[in-house]
Amino acid sequence: MQLFSCLNIERIRRLYGCDTLMADYNHSKTEKYWQDYWDQHHTFKPEENTTKQKYYVLDMFPYPSGAGLHVGHPLGYIASDIVSRYKRLKGYNVLHPMGFDSFGLPAEQYAIQTGQHPAVTTEQNLTRYIEQLKNIGFSYDWSREIRTSDPSYYKWTQWIFMELFRSWYNKETDRAEPIETLLHKFATNGTTDVNAVCDEGVSSFTAAEWNAMSTRESYEITLKYRLTFLADAVVNWCPALGTVLANDEVKDGVSERGGYPVEQKLMRQWMMRITAYADRLLTGLDTIDWTESLKEQQRNWIGKSVGASVRFPISGGEKEEREEGGKGKAYSSPFSLSAPADRSFIEVFTTRVDTIYGVTFMVLAPEHELAATLTTPEHRDAVDAYVNAAKLRSERDRVADTKAVSGVFTGSYCINPFNDELVPIFLADYVLAGYGTGAVMAVPSGDQRDWNFAKHFDLPIIPILDGQKGIDNQADNTKEGQYINSGIINGMTYKEATTTLIGWLEERGLGRGKINYRMRDAVFSRQRYWGEPVPVYFKDGLPYLIDESDLPLELPAVDKYLPTETGEPPLGRAEGWKYKGEYEYELSTMPGWAGSSWYWYRYMDPQNDTTFASKESINYWQNVDLYIGGTEHATGHLLYSRFWNKFLRDRGYVPYEEPFKKLINQGMIQGRSNFVYRLKGTGVEGTAPIFVSLNQIDGKDVTPLHVDVNIVENDVLNIDTFKQSRPDLTEDAEFITEPDGRYLVGAEVEKMSKSKYNVVNPDDIVEKYGADVLRLYEMFLGPLEQAKPWNTNGIDGVYRFIRKFWRLFYKDNAEGESQWIVTDERSGGPAATPAELKVLHRAIQKTENDIEAFSFNTSVSSFMICVNELATLNCHKRAVLQDLVLILSPYAPHITEELWAALGNEPGSISKAQFPTFNPNYLVEDTFEYPIQINGKVRTTISFAIDRAPTDIEREVLADEIVQKWLEGKSPKKVVVVPKRIVNVVI
RNA sequence: GCGGGCGUGGCGAAAUUGGUAGACGUGCCAGACUUAGGAUCUGGUGCCGCAAGGCAUGGGGGUUCGAGUCCCUCCGCCCGUACCA
């Protein structure tokens, strides 16, 4: 035994090349050693051609910003790494990759300022990121690293764009198909049996007409059907960034990145028909394991409303008598989407067609295309004034005062097709141009906004349901009761009424049941440099795909990263950049979400040059089992990814409808900012600043200023360092301190950011405590999903735990050297006792349950308990410690890897080892036999195991329960014993 | 407004999903070893009470032998979203 432990010490010495082992665990040396070892031995490369079951754990890949990682970033990465390492121990073949979303605005903004190529900046940032990530000891297979800005990667982003361009959406089959199937339909039957998602206002034609068209004509028609298409669209234009933004990139009327104002502008843009997938994006949510709140966010974003579309004929004029016939004119049938030129009716969308007899006025958005033509001369001035005022109000203002009622009468009327009533037409900015048809049939008795409007303009309020209550005071949107004042639906209930009305409308071509979505097609063009070039050139004004063999279409060099003098995007500056030397390329680039909408497939086969990922690799890895990332991508990346995935599925490239089976949103780690307080009026115009300590403020007029958290410890400011940090501001500063001479700072929880001086770099924690402690501590902080401020209050406890763990293996001798004290039963040492095995197996069980439930914080606690108890039991037995090392290894890979080797195992083999099997028998401390008596005779004896002996009282109380269950013909599986009370006989 | 989540010691948080509330960690108190402690170890620590005991999971009510957990109601907080017809 003595010999054995000596050998291990020798081995450790060889491994680390140190003469004496220090008395304590030396994390710097150990961690460096194993990180290099994993790198050199490709320890975390998944097996190829294996029959093992796969498990794919993915992190949302980061954008490599110049600020580097802060302690908040690794939170999700640590969790996913724990799951990866655990799943490997459980015998899975685990794919756990990392890469970078390396196209993006900050590098380009920096390039504009400095002239440095974004690729250079990006490369520098990447190097730093990789270094920081490796420092924490993640088990990524770095050989699979990808970068979206790498031409070998974006070649395939461009290829997918081309595939989308080469596809159309067939509503008949409810999937995307190659454009050829559409061409075939056109050639054989014209547009007759084509049911496609396409541009509004496409015209119909026969096969003969189609076949007679010129190539150019027919090509032009296909452009209206392709899943990527050019369109003049009102887009979010951000002048400061010089580009358009997608809806999800705009928050509160300003750009998400940078917070610059955004305005609406009509521009020719590449678009993607994501709306074709609206329904599948919605229903697919029911099949995936994401949080309810995230699914709900996507549902809201898609915004499906089931209702009806109704046409209200426009009356000839205010005074004019209406035409004969009463029922209004039947308009172009079959009911097709209106061409913008048709001005004979107003089309509205409503979810409550049943309230149509309650319509007393019509409201159009001020931007509505009919607004101008409907305005009668005597109302012209008022309407112009209103429309202009609405234009001037920013999106923000408009949303801000939702209570004020405003609007203006146009002087025109339309006709309610059901009762031939004249309905006055108003303009009001509570109606949005971008939703539905930009027109609302107003039912003041059933809708509060309509009610407010009616009161304000003194318009009639007609009750339409006998179930409506108190509509003199407010609207009642009930669906209860029977209809009154409602012509053909009088006496009916909600369901009957709706069917009747829609049937009536459809018969006459005046309307139809309709489903409306809030989601718009996605704008795909960005007038920027640092993104994927769009693989399109223009010939005679029409867009064509470049030849596939010319992929990747690489970013050309430009002299400046600004738009050209003529207002074209930066790519317009590229000298002689022409397709085949003669055709103009598309000058916009793809949006940030393009590269991230398929990247999880590239990891499966990252070097493939002939396809985005081989069939075999996709068939094996399939989709992502566990995806961890922030909730901020709810309506961006996570929606676009699902869209592209569904498209790739339709076209047969990938096997599953949904890319991410389970998704966990890690909570944000907030910063804890520190403040110093400068006395007002000091520190300006050459006066010396006076800083007041927190408890000395006492009503003084002070300005709080952020101070770098790294020069504050336990809320005490290091005054000297503070003075040195900004000598310009603080050279001759005075400090009003606490009586004990310390300067106390204030604190506040804020988002962690450079500008708030509250960024904590994980490297600093790693240097001080080690990566294992950082990992354990971040998990220990609280539930993964929860947002929490960063504080290091408990980190010493975790640090103590690691050292305590170490001391199960080593003990200091008289010379202060660490001595290996693990005993080995195979060479004659004492065997593990039942008490020790119980402690161990409780930890095995807990770890297994907790990781499967993604409850990492409680898992860390149970390690601490286990180690504490083993220390108390003075257990240094190999059989126990070897298993303990295994169960802890997902959390603290460095120290456990070292001890694993020290226990005599092959270095690096821990990732291939098996997770210890939990044996519940070790938890049993007693068996409990209970004789069952029926009619006074012992009929049988039930025996079961419990984790401690029951008291006499407990035995008695148990009796009733057990007999009861036994008589019911069920035998107890588990009995939980509670002192004094008893119960829970689980059948 | 609507949707989702939550409310437990000084603090971060546990609670086998209806079964000894507060595990574990911090913090605090005491002790040991120390010239010293911001090192290490040991013990204590929800509240009231000397104690026996009583009271405690935002407030109130209910179901149950038993409720932090389930139901109703009120209050408060966080996140998302918003004139969506």
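This one's a predicted model, so the numbers in the text were calculated from it and none came from an experiment. Proteins come first, then strands; the chains are lettered A, B, ... in the order of their sequence lines, and each starts at number 1.
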For this session: Measure the distance from CD on A:Gln670 to P on B:G12 and round it to the nearest whole Å.
Result: 12 Å
Seminar exercise, completed: Against the side chain of A:Ser293, the closest entry in B:A85, B:G4, B:G80 is B:G4
Problem set entry | Flag for A:Tyr386-A:Ser406: side-chain donor and acceptor within less than 3.5 Å | yes
For this session: Write down the distance between CG (A:Leu776) and P (B:U26), rounded to a whole number of angstrom.
Result: 14 Å
Exercise. Picking from B:A85, B:G25, B:A23, which would you name as closest to the side chain of A:Ile865?
Worked result: B:A23
For this session: Take the angle between the ring planes of A:Tyr777 and A:Phe780 and call it parallel below 30°, perpendicular above 60°, tilted in between.
Result: tilted
Exercise. Any donor-acceptor pair under 3.5 Å linking the side chain of A:Lys304 with the backbone of A:Tyr517?
Worked result: no
Exercise. Taking the same atom, C1', in B:G37 and in B:G53, what whole-Å distance lies between them?
Worked result: 42 Å
Exercise. Between A:Arg449 and B:C84, is there a side-chain N or O to OP1/OP2 distance below 4.0 Å?
Worked result: yes
For this session: Between B:G25 and B:C75, how far apart are the P atoms? Round to whole Å, please.
Result: 40 Å
Seminar exercise, completed: Note: A:Tyr357 and A:Ser486 closest approach over all heavy atoms is CE1-O, 3.1 Å
For this session: Ignoring backbone atoms, establish whether A:Asn857 has a side-chain N or O less than 4.0 Å from OP1 or OP2 of B:A14.
Result: yes
Seminar exercise, completed: Residue pair A:Glu292/A:Leu781 against RNA chain B: nearer the 5' end by closest nucleotide is A:Glu292
Exercise. In whole Å, what separates the C1' atom of B:U69 from that of B:U16?
Worked result: 13 Å
Problem set entry | Any A:Arg803 side-chain N or O less than 4.0 Å from OP1/OP2 of B:U40 | yes
Seminar exercise, completed: Regarding B:U34, purine or pyrimidine glycosidic angle vs 90° from 0 gives anti
For this session: Using the C1' atom as the reference point in each nucleotide, state the distance between B:C72 and B:A23 in Å, no decimals.
Result: 32 Å
Exercise. Does A:Met60 reach the side chain of A:Leu663, with side-chain heavy atoms less than 4.5 Å apart?
Worked result: yes
Exercise. Roughly how many Å is it from CG in A:Asn849 to C1' in B:A15, rounded to a whole number?
Worked result: 14 Å
Exercise. Distance check: side-chain N/O of A:Ser305 vs OP1/OP2 of B:A85, anything under 4.0 Å?
Worked result: yes
Exercise. Contact class for A:Asn868 (heavy atom, under 4.0 Å): base, sugar-phosphate, or nothing?
Worked result: sugar-phosphate
For this session: Pick the P atom in B:A21 and in B:G46, then give their distance to the nearest Å.
Result: 14 Å
Exercise. Taking atom CD of A:Glu767 as the centre, does the number of heavy atoms from other residues, nucleotides or ligands within less than 6.0 Å exceed 12?
Worked result: no
Exercise. NA contact type, A:Asp450, heavy-atom cut-off 4.0 Å: base, sugar-phosphate, or nothing?
Worked result: nothing
Exercise. What integer distance in Å separates A:Phe863:CZ from B:C24:C1'?
Worked result: 13 Å
Problem set entry | Atom-pair distance (CH2 on A:Trp301; P on B:G80), nearest Å | 14 Å
Problem set entry | Side chain A:Ser445, main chain A:Ile462, donor-acceptor under 3.5 Å | yes
Problem set entry | Spacing of A:Glu750 atom CD relative to B:C78 atom P, expressed in whole Å | 16 Å
Problem set entry | Which nucleotides of RNA chain B pair, in dot-bracket form (Watson-Crick or G-U under 3.5 Å, | meaning another strand) | (((((((..(((......[....)))((((((.......))))))(((....)))..(((((..]....))))))))))))....
Problem set entry | Residue from A:Ile425, A:Val431, A:Val348 passing side chain to side chain contact (heavy atoms under 4.5 Å, CB included) with A:Leu364 | A:Ile425
For this session: Compare the minimum distances between each of B:A85, B:C24, B:A13 and the side chain of A:Val440, then state the nucleotide with the smallest one.
Result: B:A85
Seminar exercise, completed: Picking from B:A85, B:C24, B:A14, the nucleotide nearest the side-chain atoms of A:Thr350 would be B:A85
Problem set entry | B:G68 and B:U17, which share atom name C1', separated by this distance in whole Å | 12 Å
Exercise. Under 6.0 Å between the ring centres of A:Phe453 and A:Phe361?
Worked result: yes
Problem set entry | Integer angstrom distance from the P of B:A56 to that of B:A67 | 12 Å
Problem set entry | Length of the CG-C1' vector between A:Asp850 and B:A15, whole Å | 12 Å
For this session: Would you mind reading off the distance between A:Asn665 atom CG and B:G4 atom P, rounded to a whole angstrom?
Result: 17 Å
Exercise. Less than 6.0 Å separating the ring centroids of A:Tyr922 and A:Phe918?
Worked result: no
Exercise. What is the nucleic acid contact for A:Glu785, judged by heavy atoms within less than 4.0 Å: base, sugar-phosphate only, or nothing?
Worked result: nothing
For this session: Decide, for B:G58, between syn and anti: a glycosidic angle within 90° of 0 counts as syn, anything else as anti.
Result: anti
For this session: Give one of base, sugar-phosphate or nothing for A:Arg800, where a contact means two heavy atoms less than 4.0 Å apart.
Result: sugar-phosphate
Problem set entry | Distance, C1' atom - from B:C79 to B:C83, rounded to whole angstrom | 22 Å
